[in-house]
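Notes for the one structure printed next.
So that the names make sense, note that chain A is the first sequence line, chain B the second, and so on, each numbered from 1.
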Number of protein chains: 2
Amino acid sequence: MRDIPLTTEARERVLDAAERLFAQKGYTAVTLRDVGAAAGIRHASLYHHVPGGKEALFVEVTERHFYRHRHGLTDALTKAGPNIRQQLYAAADWLLSQPPMDLIRMAYSDLPAVASTHAERLSDLAYASMIAPIEQALRQALERGEIQHADTGLIAGGLLGMVESLYSVPDSALQGERTRKTMAHALIDVILDGIREPKK
Amino acid sequence: MRDIPLTTEARERVLDAAERLFAQKGYTAVTLRDVGAAAGIRHASLYHHVPGGKEALFVEVTERHFYRHRHGLTDALTKAGPNIRQQLYAAADWLLSQPPMDLIRMAYSDLPAVASTHAERLSDLAYASMIAPIEQALRQALERGEIQHADTGLIAGGLLGMVESLYSVPDSALQGERTRKTMAHALIDVILDGIREPKK
DNA sequence: CCAAACCTACCAATTTGTAGGTAAATCGTA
DNA sequence: TACGATTTACCTACAAATTGGTAGGTTTGG
């Protein structure tokens, strides 16, 4: 008998389903029956894999989600080479390959619904996973002289909000060359070059 | 006896409370008992003012919310004079004077929970109220030669996402001169000037 | 007086969580 | 290897609380 379940194939199915649903709909909008159905089991069976119930499930998969973002972002940024534009392109591509990460909903709706100890940890993790990697890349570009002095933390956050907001573009507005990816790259160009001067 | 209640002071209290709560927490996370408590009445009394129940209440206050944004944005943009920077400053100030408008949550969680006819109308209204006014100001700045050729719709949406994302900045990170307003203005400067060239 | 505004009390459905059971895989050991 | 014991991964059934919504009565202001 174990207090803390280790990772099995069936448990992974549950966590994957829960992560996708919570990320898409938010904590209160997702029921355990939804999660069970998505994982192919009854809701009561979820308690076998996650004894802590809904809140523990949400906290675990949300932490997992943030950790994966941190890894995915730092990975994309380092593999893109020492050029800030290509780095930001790669970061945006990663973000758009994942389900939307709605930090506003997280702050105003999801986190207030869980115990404050968990909420604070998740809040810190959000910064460390989403903002910090981009901020670090901007700081290094600043040292390399690629960009001028700027509030790197603010720019990183703004960039993130900009790219994530592309998820609210309806699919009907996406066609041909106008994908979320090309739109993200165009927005990054604006951040780097501005829209007053003609593109170099 | 009226089928459609006209506007009274008490009904306004209900709509104001509902609008604030729905905007902050989203459709499913807000209960009618929450709305009633915020308006100072029992949840059953809400049906006196809005016979259609929760969904009708949500649709009505969300429409109202969008209409007010459309008015507030166009008003701020026109009153700021013919300078795109001042116009965008004013638009951002308006957005930050209102409760957060989380379009991602709206698209992925709120709208799927209401009848599709209402969802489509609200989706169109979101574009017309939030994006279109900013896009128009950018187009006019383009004609005036203030900015270079750019995808004005894309920039407007990106700007909006950027400014709204400031709501996910924890209050603990706001102190002294570092308010959401000053941060929004700094981000607008980046959009206009870029971060590669030194500020003029 | 009378209608608007609000109330209490309830219902049916849903949701989280618990209790207890079952089939099948796995393990320890003779 | 044979085989009983245990563990895993699920199930059905139910309890308690919450939710949207309804019925009908009561207060209150013009």
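- We find that CG of A:L46 is positioned 10 Å from P of D:dC10, with the value rounded to whole Å.
- The main-chain N or O of B:V59 is never found under 3.5 Å from a side-chain atom of B:T62 such that the two would form a donor-acceptor pair.
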(request) Mind running side chain to side chain donor-acceptor pair (under 3.5 Å) on A:D102 and A:Y108 for me, showing each step along the way? (result) CA-CA 10 Å; A:D102 186 343; A:Y108 283 82; over 6 Å; no

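- Spacing between atom CZ of B:R42 and atom P of D:dT26 amounts to 17 Å, rounded to whole angstrom units.
- Contact annotation: B:H48 does not reach the phosphate of C:dC6 (side-chain N/O to OP1 or OP2, under 4.0 Å).
- Residue A:T8 places at least one side-chain N or O under 4.0 Å from the OP1 or OP2 atom of D:dA9.
- In this structure, the NE2 atom of A:H49 is 16 Å from the P atom of C:dG17, given to the nearest Å.
- Side-chain atoms of A:D110 come within 3.5 Å of backbone N or O of A:Y27 as a donor-acceptor pair.
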Distances under 3.5 Å between nitrogen or oxygen atoms of protein and nucleotides 19-21 of chain D:
residue, atom, partner, partner atom, Å
D:dG20, OP1, B:K54, NZ, 2.9
D:dG20, OP2, B:L32, N, 2.8
D:dG20, N7, B:R33, NH1, 3.2
D:dG21, OP2, B:Y47, OH, 2.9
D:dG21, OP2, B:K54, N, 2.8
D:dG21, O5', B:Y47, OH, 3.1
D:dG21, N7, B:H43, NE2, 3.1
D:dG21, O6, B:H43, NE2, 2.9

Without placing hydrogens or testing angles, list every side-chain donor-acceptor pair under 3.5 Å for residues 29-37 of chain A, not counting sequence neighbours.
residue, atom, partner, partner atom, Å
A:T31, OG1, A:R33, N, 3.4
A:T31, OG1, A:D34, N, 3.1
A:T31, OG1, A:D34, OD1, 3.4
A:T31, OG1, A:D34, OD2, 3.2
A:D34, OD2, A:T31, N, 3.1

Distance-only criterion, 3.5 Å: show the donor-acceptor pairs between side-chain atoms of residues 129-140 of chain A and protein atoms not counting sequence neighbours.
residue, atom, partner, partner atom, Å
A:S129, OG, A:F66, O, 3.3
A:S129, OG, A:L125, O, 2.8
A:E135, OE1, A:Y127, OH, 2.7
A:E135, OE2, A:R139, NH1, 3.4

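- In terms of modelled atom types and a separation under 3.5 Å, the side chain of B:S123 and the main chain of B:A119 share no donor-acceptor contact.
- We find that CD of A:E9 is positioned 19 Å from P of C:dA24, with the value rounded to whole Å.
- Listed pair A:R13 / D:dC10 meets the phosphate criterion, a side-chain N or O lying under 4.0 Å from OP1 or OP2.
- Residue A:S45 places no side-chain N or O under 4.0 Å from the OP1 or OP2 atom of D:dA9.
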